[in-house]
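The structure under discussion appears below in the form of structure tokens.
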Amino acid sequence: MSSELSIQGFKSAAVKSGIRGRDRLDLGLIFSEVPAVAAGVFTTSLVKAAPVLLDMERLADLKARAILVNSGIANACTGQPGISSARKTAAMVAEALSLAEEDVLVASTGVIGEHLEMDCFSRGVPKLVEKLSADGLTSVSLAIMTTDTVPKTAVREFAIAGRKVRIAGLAKGAGMIRPDMATMLCFVLTDGAVAGDFLRSALKSAVDRSFNRITVDGDTSTNDSVLIMANGLAGNEVISQGSGGAELFQGALDDLLTDLALQVVRDGEGATKLVRVEVKGAVSELEARKAAHTVADSKLVKTAFFGEDANWGRIIAALGRSGAAFDPEKVDIFFDGVQMVRDGLGLGKKAEAAATEILRKKEFTVSIDLKAGTASAIYYTCDLSIDYVKINADYRS
């Protein structure tokens, strides 16, 4: 996996700095050996962590060379001392790599309200710089995990006028996940040459089609960040809006982030099932998204998935409060290929028994036809299990 993740011109490393004890990787560094174009998409929460605020400021010029990330402490709700700590940790990296401080981005994930321990960074950063290697992204994917049970990585490759372009991504997230991005970090690296304005718009579009279409528990974090750096070493003609490579790049980025987003849902805290909620026949895409989002986020629907209970009444009830416009007497509902509801009415015990068999699968689709128009939308969710409660009842311990 290490060689698959490597992108020319980028080096990475992770170390055990002591933030999370002696035996866990908890500090990672990603470094571009040459100047890179960069962009970010961040949490929509009014409560934003110090690293988010700092990165939003620094990405105004669409440039970056390094990302320093820690797990264990979110550095959120820490006031001016938190901002100061974020700047200090970035300065350590800048000094060690002979970079301008403004070229270093930071990210954190973990417990809200606790302050970063500077000693961990003063010990850890020199070790990170010493360990930087072309195949270090795998270790970074491990260092950013909190309640994740598996690391989440993906790679895509395509060619523009004979020039091979690679994109690699890594993400973390398992709980506090909803379609505003969630307690989630994602870092994307590419050797493609991409114009800054296009990179920013392409990232925003890809996030909207991927991380903003998932939910685990309906909660949004203070630290959501998706960061991308493009160093241009593939030697392709610069990709800009309307250029020949724009569609190829957007498609590859969409596909990469969707892959990572689905890995997040599959690894949802306590999750046992991945469910695709598809709404079609809506008046508009916005109406379709309202309906799909509400069904995917419903705790009653999600607990029914966990219990393998084909309770379609919970689905149509969620639709009714979604704000989407439709006639309840025209709605059809399917579990994979099994129709449960036709024109708002259940199809009886035989259909329910067949649908129950579908619910026993690890992955399945709930299809809803509102018969009100031609628009559609898809969201991804998981079931809500007893283990989710256990995990979050003692998260800080």
Exercise for the section: Begin with the C-alpha distance, continue with both residues' side-chain angles, and end with the deciding distance and a verdict on side-chain contact (heavy atoms from CB on, under 4.5 Å) for L384 and V389. Expected result: CA-CA 9 Å; L384 192 61; V389 178; over 6 Å; no

Does the distance from a Lys or Arg side-chain N to an Asp or Glu carboxylate O, for [X] and [Y], drop under 4.0 Å?
{"X": "K290", "Y": "E287", "value": "yes"}
{"X": "R276", "Y": "E278", "value": "yes"}
{"X": "K11", "Y": "D135", "value": "no"}
{"X": "D369", "Y": "K330", "value": "no"}
{"X": "R156", "Y": "D254", "value": "no"}
{"X": "K88", "Y": "E95", "value": "no"}
{"X": "D26", "Y": "K16", "value": "no"}
{"X": "E308", "Y": "K273", "value": "yes"}
{"X": "E363", "Y": "R266", "value": "yes"}

Would a single hydrophobic cluster contain both [Y] and [X], if residues Ile, Leu, Val, Met, Phe, Trp and Tyr are joined by side-chain heavy-atom contacts under 4.5 Å?
{"X": "V264", "Y": "V41", "answer": "yes"}
{"X": "L132", "Y": "V104", "answer": "yes"}
{"X": "M92", "Y": "V129", "answer": "yes"}

For [X] against [Y], the heavy-atom pair lying closest together:
{"X": "A143", "Y": "S71", "result": "O-OG, 2.7 Å"}
{"X": "V93", "Y": "A66", "result": "CG1-CB, 4.2 Å"}
{"X": "A355", "Y": "A310", "result": "CB-CB, 3.9 Å"}
{"X": "D332", "Y": "Q339", "result": "CG-NE2, 3.6 Å"}
{"X": "T153", "Y": "S141", "result": "CG2-CB, 3.8 Å"}
{"X": "V265", "Y": "A271", "result": "O-CB, 4.1 Å"}

Any donor-acceptor pair under 3.5 Å linking the side chain of [X] with the backbone of [Y]?
{"X": "D327", "Y": "E329", "answer": "yes"}
{"X": "R58", "Y": "A64", "answer": "no"}
{"X": "N231", "Y": "Q8", "answer": "yes"}
{"X": "T222", "Y": "V47", "answer": "no"}
{"X": "D383", "Y": "T272", "answer": "yes"}
{"X": "D387", "Y": "S385", "answer": "no"}
{"X": "S84", "Y": "Q80", "answer": "no"}
{"X": "R166", "Y": "E157", "answer": "no"}
{"X": "T356", "Y": "E352", "answer": "yes"}
{"X": "D55", "Y": "V106", "answer": "yes"}

Indicate yes or no: at least one non-hydrogen side-chain atom of [X] is less than 4.5 angstrom from one of [Y].
{"X": "L116", "Y": "N70", "value": "yes"}
{"X": "Q250", "Y": "S205", "value": "yes"}
{"X": "D208", "Y": "R213", "value": "yes"}
{"X": "L185", "Y": "V69", "value": "yes"}
{"X": "S322", "Y": "H293", "value": "no"}
{"X": "I160", "Y": "E237", "value": "no"}

Out of curiosity, [X] [atom1] to [Y] [atom2], how far, rounded to the nearest 0.5 Å?
{"X": "L54", "Y": "S85", "atom1": "CG", "atom2": "OG", "result": "11.5 Å"}
{"X": "F158", "Y": "E247", "atom1": "CZ", "atom2": "CD", "result": "11.5 Å"}
{"X": "L170", "Y": "L189", "atom1": "CG", "atom2": "CG", "result": "7.0 Å"}

Practice task
Please assess F42 against N223 for the test side-chain contact (heavy atoms from CB on, under 4.5 Å), listing each intermediate value before the final yes or no.
Solution key: CA-CA 8 Å; F42 303 96; N223 289 60; over 6 Å; no

Practice task
Apply salt bridge (charged side-chain N to carboxylate O under 4.0 Å, His left out) to D255 and R209, showing your working.
Solution key: CA-CA 9 Å; D255 196 44; R209 298 174 189 178; over 6 Å; no

Practice task
Using side-chain contact (heavy atoms from CB on, under 4.5 Å) as the criterion, point out the one residue from L257, L253, I228 that pairs with V207.
Solution key: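 Of L257, L253, I228, side-chain contact (heavy atoms from CB on, under 4.5 Å) with V207 is met by L257 alone.
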
Handout entry: For T381, the option from I214, T215, D297 that meets side-chain contact (heavy atoms from CB on, under 4.5 Å)
Key = T215

Practice task
Dump the intermediate steps for salt bridge (charged side-chain N to carboxylate O under 4.0 Å, His left out) on E130 and K127, then the final yes or no.
Solution key: CA-CA 5 Å; E130 184 179 336; K127 294 178 183 177; over 6 Å; no

Exercise for the section: Each residue besides M340 in its hydrophobic cluster should be listed here, by chain and number; the cluster joins Ile, Leu, Val, Met, Phe, Trp and Tyr at side-chain heavy-atom distances under 4.5 Å. Expected result: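 Joined to M340, directly or through intermediates: V275, V277, V279, V295, V301, F305, W312, I315, I316, L319, F326, V331, I333, F335, V338, V341, I358, L359, F364, V366, I368, L370.
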
Practice task
Determine, step by step, whether I30 and S12 satisfy the side-chain contact (heavy atoms from CB on, under 4.5 Å) criterion, reporting the C-alpha distance in whole Å, the side-chain angles of both residues, the deciding distance to 0.1 Å, and the verdict.
Solution key: CA-CA 4 Å; I30 300 170; S12 308; 3.8 Å; yes

Exercise for the section: List the steps, then state whether side-chain contact (heavy atoms from CB on, under 4.5 Å) holds for L137 with F10. Expected result: CA-CA 9 Å; L137 275 181; F10 286 100; over 6 Å; no

Problem - ring-ring contact (aromatic ring centres under 6.0 Å, His included) partners of residues 79-131, not counting sequence neighbours, each pair once - result: none

Exercise for the section: Check step by step if salt bridge (charged side-chain N to carboxylate O under 4.0 Å, His left out) holds for E57 and R87. Expected result: CA-CA 12 Å; E57 172 190 309; R87 291 186 183 279; 3.0 Å; yes

Practice task
Under the salt bridge (charged side-chain N to carboxylate O under 4.0 Å, His left out) rule, what do K152 and D267 come out as? Steps first, then yes or no, please.
Solution key: CA-CA 9 Å; K152 300 162 181 71; D267 195 33; 2.7 Å; yes

